[in-house]
Amino acid sequence: MSVSTAAAAQTVCRDISGALPVLGRDVTVPLVTGGEVTYAALDYAASAPALQRVWDDVAAYAPYYGSVHRGAGYLSQLSTDLFENSRRTVAEFLDCREDDQVVFTRSTTDSLNLLAAALPAGCQVFVFETEHHASLLPWQNARVSYLDAPRTPRQAVENLERALADRDPQGPALVCVTGASNVTGELWPVRELAAAAHAHGARIVLDAAQLAPHHPVSVRDLDVDWVAFSGHKLYAPFGSGVLAGRADWLRAAEPYLAGGGASRKVTRRADGGVDVEWHESAARHEAGSPNVIGAYSIASACKALTEAGFDTLVAREEHLIRKVREGLAEVPQVRVLSLFGDDAPRVGVLSFVVDGWNSSHFAAALSAEYGIGVRDGLFCAHPLVRTLLGSDPQTQGECGAPEAAPGEKSLNAIRVSFGAGTPDEHVERFVNAVKELVRDGARWNYRTEDGRCVPDTSA
Ligand SMILES: Cc1ncc(COP(=O)(O)O)c(C=O)c1O
């Protein structure tokens, strides 16, 4: 980095300490029953709102935007510095080892597919059936073993140890595990699973999509080989994700995408073909023009979260979790889904079913009558949700009628999730709305449209 662009990049990368408000605090939405309310965004586990700081940092950089790694101009150099600084910031955020690589991807799904494409020949993969599809499915071309859902963290470690003990000890192996469930919010025993993996000569990748926004993630302390996460769940919705960790498998693999940026030297051969020397750095898997704004927004979020302090963020989130759990516990018709039990440590993600209610109908009423955005369904974790519900649904019930009589099994669930910037009022409104809906029923009629439950406004 030249002195002048280094200084300019430093100015653009200004201090982002302080509180963590998010965008959209004042957005109002119409209610089907009349009037408007401020929107209660309680679907952070799908996509969190942008941090105001991230937005401001991106806006401050926008006039300086330029091509990365390819331009001779000042702004191109500044943008390249910003991109590479962002890589360093992410490495610090994750407490990476000296020789780890940080690859910018599109998302967690992209990161795990990149790692799946970089597996050494003959690699065995071990993954719990409880994973999000992004962690469950990329390994189809490997020798993959799906492990049953454990009912305690201890059982998770035991299940893994048993599976690893039976594996071919000569070949490479990879364990893929989530840090925090996108369904129950429960924390998984990552450090213990990593120790078990390493004791059996396997490596481990941590799906931190739901963990990194809520808790500090230290690659060194957890002793995981790779970490994957998404910007849009980390308050940085600009289309980037991260795969960080051991360089050797990534260096040995064919580039994830072939193209400019990944290649160091390309020459025509005498026989008419083409020889390529690929980069050995992270650029090997970042062919094409990098998403500098996406990378910078993630770095900005990493700094903002670190400077706000995870102790403070976790304490605040615990307060919100307590409010939601205590509120839901007062409604006997509500069953909160859990693998590890009531006392399991968790992040601000909870799924539940309501006796006698179709979850899609319930979620639609929360939105249309209370201005509350939650999610309903199986949350891209079909095997886990079905295990928790004890169901095996092929179809979803029509939304107007209850899908399951009281005491019967539900076909899908409702998920509420929150984090930085969530005010008490949002979770209070949510708890009161649940109580009111259960007590009085919906005030509006709903119908199914394109598979979704929507207010019936035809009357
Ligand atoms: C635990 C977990 N892993 C992976 C993903 C996939 O993330 P993305 O859609 O950003 O690729 C999600 C998304 O909800 C998730 O919750």
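Indexing begins at 1, ligand by ligand and atom by atom, following the structure's order. Residue numbers run from 1 in the order of the sequence given. The figures that follow rest on heavy atoms only: side chains count, while hydrogens, waters and symmetry mates do not.
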Does Lys233 approach ligand 1 within less than 4.0 angstrom via side chain, backbone, both or neither, non-hydrogen atoms only? side chain
Go through ligand 1 atom by atom and flag the ones less than 4.0 Å from a non-hydrogen atom of Ser230. 7 (O), 8 (P), 10 (O), 11 (O)
Looking only at the side chains, is there a donor atom on one of His361 and Asp376 sitting less than 3.5 Å from an acceptor on the other? no
Report the part of Thr108 (side chain from C-beta onward, or backbone N, CA, C, O) that has a heavy atom under 4.0 Å from ligand 1; answer both or neither where that applies. both
Using a 3.5 Å cut-off on N or O atoms only, is Gln210 in polar contact with ligand 1? yes
Give me the residue, atom name and distance of the protein heavy atom closest to atom 4 (C) of ligand 1. Asp207 OD2, 3.4 Å
Any nitrogen or oxygen of His132 lying under 3.5 Å from a nitrogen or oxygen in ligand 1? Just yes or no. yes
Between Tyr256 and Asn113, do the side chains contain an N or O donor and an N or O acceptor separated by less than 3.5 Å? no
Residue, atom name and distance, where the atom is the protein heavy atom closest to atom 9 (O) of ligand 1: Thr109 OG1, 3.8 Å
Test item: side-chain donor near acceptor, Ser79 and Tyr61, under 3.5 Å: yes
Between the side chain of Ser230 and the main-chain N/O of His232, is any donor-acceptor distance below 3.5 Å? no
Would you call Asp95-Arg220 a salt bridge at under 4.0 Å N-O? yes
Could you list which atoms of ligand 1 come closer than 4.0 Å to a heavy atom of Ala209? 2 (C), 3 (N), 4 (C), 15 (C)
Could you verify whether a donor N or O on one side chain and an acceptor N or O on the other, from Arg429 and Thr38, lie under 3.5 Å apart? yes
